[in-house]
Asker: 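Quick one: the structure is below, and I'll ask about it shortly.
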Amino acid sequence: MPELPEVEVVKRSLNNKVQNLIIKKVKINDGRLRYPIDKKEIIKVIGLKLKKITRRSKYLLFFFNQNIVMLVHLGMTGKFFFLNKKNIKYKTSFYYNINDKKDRKHDRVEFFLSKNQKLIYNDVRKFGFIKILNKKNLYNNFHLNDLGPEPIGKKFNFDYFKKKILRKQRVIKDVIMDQKIVSGIGNIYANEILFLSKIKPSRQAKSLKDFESKKIIKFTKNVLKNSIKLGGSSIKDFSSSNGKKGLFQQYFNVYGKKGEFCSNKNCNKKISRSIISGRATFFCLKCQK
DNA sequence: AGGCATGTTACAGG
DNA sequence: ACCTGTAACATGCC
């Protein structure tokens, strides 16, 4: 489900709701996530106040008082549901259908909050994880210490990018999905960015002309920011914590569009599909060079 | 039934 | 020690 825009949208929607609430209780329904949940660790948040949630790449950081930070990665299918008093009382809600067994089945961890509210971590495939860290050595772990700059930040610029792709024996799609080079771009947005940049995903990174690298930088920022504005995307059932569907997938040009006509008006080609670095890759043979 | 899926990383081989 | 590519993780959908 989530690449950078979706995680950002989740962060924003959660911050509005859970800020300054206190964790009353944590219930683990199934702690067998990517890293099994350490019960001794996770109960550290009980009694603490949630100050704010930030995002780094595709990771969410929940900051509590007492220097405790909860690091969350949503994997492929991780989601947060938020239930307020009203939701519980009325059983079904816009946010979350409490009677829907399909939803409830994958509720892995439930955080009981003050004011009778609840935050649920739901994850079908269990590729996500939750870890408790100390603020003082927050970046002292292999998840966060190696990450490249944020793609929508100033550090991801032409000079930086050129230095990184110099001499690299790798294809460009692989490079922009490398979290050590730039962190937050996943398979969907990589496909979209390269289509807009008119660059074939299989091009060797070092073969890019300067103007092409500049296009990649520009469209990376455009696409990600635009998607955040539209509430994210991602296929199927992505929704933010208030249940709103992301609209960005309506604007996909290539992802998942094998066999459909290229979206460029003057192009009559159909979108191709291949595999690069083990992942589905969509592109227009005519428009992308 | 088999292939595919938004992510990360352990591992094997060069 | 680095660099690269592949397989694995768990589950559901088409």
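Every chain is numbered from 1, with letters handed out A, B, ... down the list of sequences.
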Asker: Touch check for A:Gly278, heavy atoms < 4.0 angstrom, all strands: base, sugar-phosphate only, or nothing?
Answerer: nothing
Asker: Would you call A:Glu212 and A:Lys289 a salt bridge, taking side-chain N to carboxylate O under 4.0 Å as the test?
Answerer: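 Salt bridge absent between A:Glu212 and A:Lys289.
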Asker: Using a 3.5 Å cut-off on both pairing distances, which stems of three or more Watson-Crick or G-U pairs include DNA chain C?
Answerer: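 Result, WC/G-U stems under 3.5 Å: B:2-5 with C:11-14, B:7-14 with C:2-9.
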Asker: Is there a donor-acceptor pair under 3.5 Å between the side chain of A:Asn15 and the backbone N or O of A:Arg12?
Answerer: no
Asker: Can you measure A:Lys79 atom NZ to B:dG7 atom C1' for me and round it to whole angstrom units?
Answerer: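 Distance, rounded to whole Å: 14 Å.
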Asker: Would you say a side-chain N or O of A:His73 is under 4.0 Å from OP1 or OP2 of B:dG7?
Answerer: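 For B:dG7, neither OP1 nor OP2 has a side-chain N or O of A:His73 closer than 4.0 Å.
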Asker: Under 3.5 Å, which N/O atoms of the protein pair with N/O atoms of nucleotides 9-13 of chain B?
Answerer:
| from | atom 1 | to | atom 2 | distance (Å) |
| --- | --- | --- | --- | --- |
| B:dT9 | OP1 | A:His143 | ND1 | 3.2 |
| B:dT9 | O4' | A:Arg34 | NH2 | 2.9 |

Asker: Does the side chain of A:Lys126 get closer than 4.0 angstrom to OP1 or OP2 of C:dT11 through an N or O atom?
Answerer: yes
Asker: Does A:Lys173 have any side chain to side chain donor-acceptor pair (under 3.5 Å) partners at least two apart in sequence or in another chain, and if so, which?
Answerer: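 A:Lys173 satisfies side chain to side chain donor-acceptor pair (under 3.5 Å) with A:Asn187, A:Thr281 only.
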Asker: Find the distance A:Arg279:CZ to C:dT4:C1' and express it as a whole number of Å.
Answerer: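 Whole-Å distance recorded here is 16 Å.
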Asker: Counting only side-chain N and O atoms of A:Arg273, is one of them less than 4.0 Å from OP1 or OP2 of B:dA5?
Answerer: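 True: A:Arg273 side-chain N/O within range (under 4.0 Å) of B:dA5 OP1/OP2.
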Asker: Are the charged groups of A:Glu8 and A:Lys11 less than 4.0 angstrom apart, N to O?
Answerer: yes
Asker: Return the nearest nucleotide to the side chain of A:Tyr255; candidates are C:dG12, B:dA5, B:dG7.
Answerer: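 Nearest to the side chain of A:Tyr255 among the choices is B:dA5.
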Asker: Which pairs count as salt bridge (charged side-chain N to carboxylate O under 4.0 Å, His left out) when at least one residue sits in residues 263-287 of chain A, sequence neighbours excluded?
Answerer: none
Asker: Other than A:Tyr139, what residues sit in its cluster of Ile, Leu, Val, Met, Phe, Trp and Tyr side chains whose heavy atoms are under 4.5 Å apart, directly or through others?
Answerer: A:Tyr35, A:Tyr59, A:Leu61, A:Phe63, A:Val69, A:Leu71, A:Phe129, A:Leu133, A:Leu138, A:Phe142, A:Leu144, A:Leu147
Asker: Salt bridge (Lys or Arg N to Asp or Glu O under 4.0 Å) with A:Lys200: which residues, sequence neighbours excluded?
Answerer: none
Asker: Within the pair A:Lys58 and B:dT8, is there a side-chain N or O less than 4.0 Å away from OP1 or OP2?
Answerer: yes
